[in-house]
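Dumping the structure here so I can ask a few things about it.
Please read all numbers here as calculations on a predicted model, not as lab measurements. Basis for what follows: all heavy atoms, side chains included, without hydrogens, waters or symmetry-related copies.
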Amino acid sequence: MVYNLPQPLQRLFLPPSCLLCNDPGEGELDLCTTCLDDLPSNHHACSRCALPLPEEAPAGSLCGHCIRTEPPFHRIVAPWRYEGPLAELIRLLKFRQKLAVGRSLGILLARQLKRRRERPQLILPVPLHPRQLRERGFNHAAELAYAISRELGLPWSTRLLRKQRPTPAQHNLDRGERLENLRGAFHFIPSSGYRHVAVVDDVVTTGATVTEVARTLKRAGVEKVEIWAVARTPDR
Ligand SMILES: [Zn+2]
Ligand SMILES: [Zn+2]
């Protein structure tokens, strides 16, 4: 039974097809070249937190949030906007358990990061609380982090950063309420020697989660925290 084989072997028998339209995938991706070209690019964005900026803002600008308050992270990398086909892919990953989405989006994100000279020492996916993890069966951020780690040849860990307190759903809360909701929710196991770390998540919405994670890491002695996300939600 092909489905019981390890993923690399499965791929020998079942060449990837596009998760969005079923056409043959591009190389090892489960996305075709047409659908890849249709992903909404986030190239005109805040240079610190990747928030999509209005067209009239000059390239390299900061958004209002980053001007008012210095974020605890060095920067957010988020190459796509959370809308259209990208939002559909995240929905397939999170709610239809299509783990191939995590692999393909992880590879795509890693391609964007390959050219950078300075690399983090460790990749950490944003953790779920153990109860959430049991309910869902997998952590979508860990699926992305695993693919990125393989592509870039960097170590990753799901043990060092933990969510120690479950938090209620956030979608009806504003940014301030989300930050309050998340305060003290994460714990980083003190590990000496990690000065530069990348935190991986699927989508950055208000930035509250990655802000709290970055604060937690910095309190534990990490000097530089980057955030690597697939997509950023435009301000509403
Ligand atoms: Zn396609
Ligand atoms: Zn910003």
Side-chain angles (χ1 to χ4, degrees), residues 39-54 57 59-84 86-87 89-91 93-94 105-106 109 112-113 116 120 123-129 132 139-142 144-145 148 161-188 196-220 222-236:
L39 294 181
S41 154
N42 186 26
H43 60 274
H44 193 59
C46 171
S47 56
R48 191 78 188 257
C49 77
L51 184 72
L53 291 176
S61 304
L62 292 175
C63 72
H65 298 294
C66 294
I67 291 171
R68 284 191 297 276
T69 318
E70 161 117 26
F73 45 79
H74 174 68
R75 69 173 296 198
I76 298 179
V77 174
W80 295 280
R81 293 192 309 276
Y82 183 59
E83 57 191 32
L86 204 289
L89 286 170
I90 298 290
R91 196 185 63 79
L93 171 61
K94 270 172 138 161
L105 291 179
L109 185 50
Q112 303 281 327
L113 296 158
R116 314 171 96 224
I123 299 177
L124 296 169
V126 169
L128 295 175
H129 184 264
Q132 264 179 306
N139 176 0
H140 50 281
L144 292 164
I148 296 169
L161 179 66
R162 292 185 180 160
K163 192 162 184 188
Q164 56 189 358
R165 175 167 68 74
T167 46
Q170 306 229 81
H171 26 261
N172 293 323
L173 307 180
D174 68 21
R175 187 183 146 84
E177 292 166 332
R178 287 181 185 215
L179 275 171
E180 199 50 48
N181 190 26
L182 287 162
R183 194 179 297 272
F186 298 99
H187 175 66
F188 183 58
H196 180 186
V197 162
V199 173
V200 171
D201 208 356
D202 56 342
V203 180
V204 173
T205 306
T206 63
T209 300
V210 292
T211 295
E212 181 59 22
V213 168
R215 281 182 186 155
T216 305
L217 294 172
K218 290 202 119 173
R219 272 198 297 268
V222 179
E223 287 162 27
K224 184 172 176 180
V225 179
E226 285 186 66
I227 313 297
W228 294 349
V230 175
R232 187 74 158 96
T233 307
D235 229 350
R236 270 165 251 151

Shortest non-hydrogen pair, Ser47 vs Arg75, comes out as O-NE, 3.9 Å

Distance-only, no hydrogens or angles: does the His44 side chain make a donor-acceptor pair with backbone N or O of Pro54 under 3.5 Å?
yes

Do Pro52 and Arg232 touch side chain to side chain, with heavy atoms closer than 4.5 Å?
yes

Could I get the full list of side chain to side chain contact (heavy atoms under 4.5 Å, CB included) partners for Ser41, not counting sequence neighbours?
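Listed in chain order: His43.
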
Atom of Leu217, atom of Val199 and distance for their closest heavy-atom approach
CD1-CG2, 3.5 Å

Is the closest side-chain heavy-atom distance between Asp201 and Ile227 below 4.5 Å?
no

Return the minimal non-hydrogen interatomic distance between Val225 and Ala214, and the atom names on each side.
CG1-CB, 4.0 Å

Given side chains that start at C-beta, do those of Pro79 and Leu109 come closer than 4.5 Å, heavy atoms only?
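The answer is yes, as the side chains (C-beta and beyond) meet within the 4.5 Å cut-off.
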
State, yes or no, whether a side-chain contact exists between Trp80 and Leu105 at a heavy-atom distance under 4.5 Å.
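Side-chain contact under 4.5 Å: no.
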
Output the distance between atom OG1 (Thr167) and atom CZ (Arg178), rounded to the nearest 0.5 Å.
10.5 Å

Apply side chain to side chain contact (heavy atoms under 4.5 Å, CB included) to residues Thr216 and Gln164 and explain how you reach the verdict.
CA-CA 12 Å; Thr216 305; Gln164 56 189 358; over 6 Å; no

Pairwise side-chain contact, Phe186 with Thr209, heavy-atom cut-off 4.5 Å (strictly under):
yes

Out of curiosity, His129 NE2 to Lys163 NZ, how far, rounded to the nearest 0.5 Å?
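With rounding to 0.5 Å, NE2 (His129) is 8.0 Å from NZ (Lys163).
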
Test applied, side-chain contact (heavy atoms from CB on, under 4.5 Å); reference residue, Val77; option that passes from Asn42, Val200, Leu113
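So the option named by the test is Leu113.
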
Please name the pair of heavy atoms, one in Arg165 and one in Arg183, separated by the smallest distance, quoted to 0.1 Å.
NH2-O, 2.5 Å

Test item: Arg162 side-chain N/O and His187 main-chain N/O as donor-acceptor pair under 3.5 Å
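Checking the backbone N and O of His187 against the side chain of Arg162, no donor-acceptor pair under 3.5 Å is found.
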
Measuring from Arg91:CZ to Leu86:CG, what's the distance to the nearest 0.5 Å?
13.0 Å

Measure across Leu182 and Glu212 and return the closest heavy-atom pair with its distance rounded to 0.1 Å.
O-CG, 3.3 Å

Indicate the atoms forming the closest heavy-atom contact of Asp202 with Lys94, along with that distance.
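Heavy atoms only, the tightest pair is OD2-NZ, 2.9 Å.
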
Leu124 versus Val213: any side-chain heavy-atom pair under 4.5 Å?
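No, side chains not in contact.
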
Exercise answer: donor-acceptor pairs, residues 62-72 side-chain atoms, under 3.5 Å, sequence neighbours excluded:
from  : atom 1 : to    : atom 2 : distance (Å)
Glu70 : OE2    : Arg48 : NH1    : 3.3
Glu70 : OE2    : Arg48 : NH2    : 3.2

Tell me if a side-chain donor or acceptor on Gln132 pairs with a main-chain N or O of Pro127 at a distance below 3.5 Å.
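Checked: no pair found.
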
Keeping the roles fixed (side chain from Asn139, backbone from Val126), state whether a donor-acceptor pair exists under 3.5 Å.
yes

Side-chain heavy atoms of Ile76 within contact of Cys49, under 4.5 Å:
yes

According to side-chain hydrogen bond (donor to acceptor under 3.5 Å, both in side chains), who are the partners of Glu83, at least two apart in sequence or on a separate chain?
Arg81

Roughly how far, to the nearest 0.5 Å, is the CD1 atom of Ile90 from the NE2 atom of His140?
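The CD1 atom of Ile90 is 8.0 Å from NE2 of His140, to the nearest 0.5 Å.
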
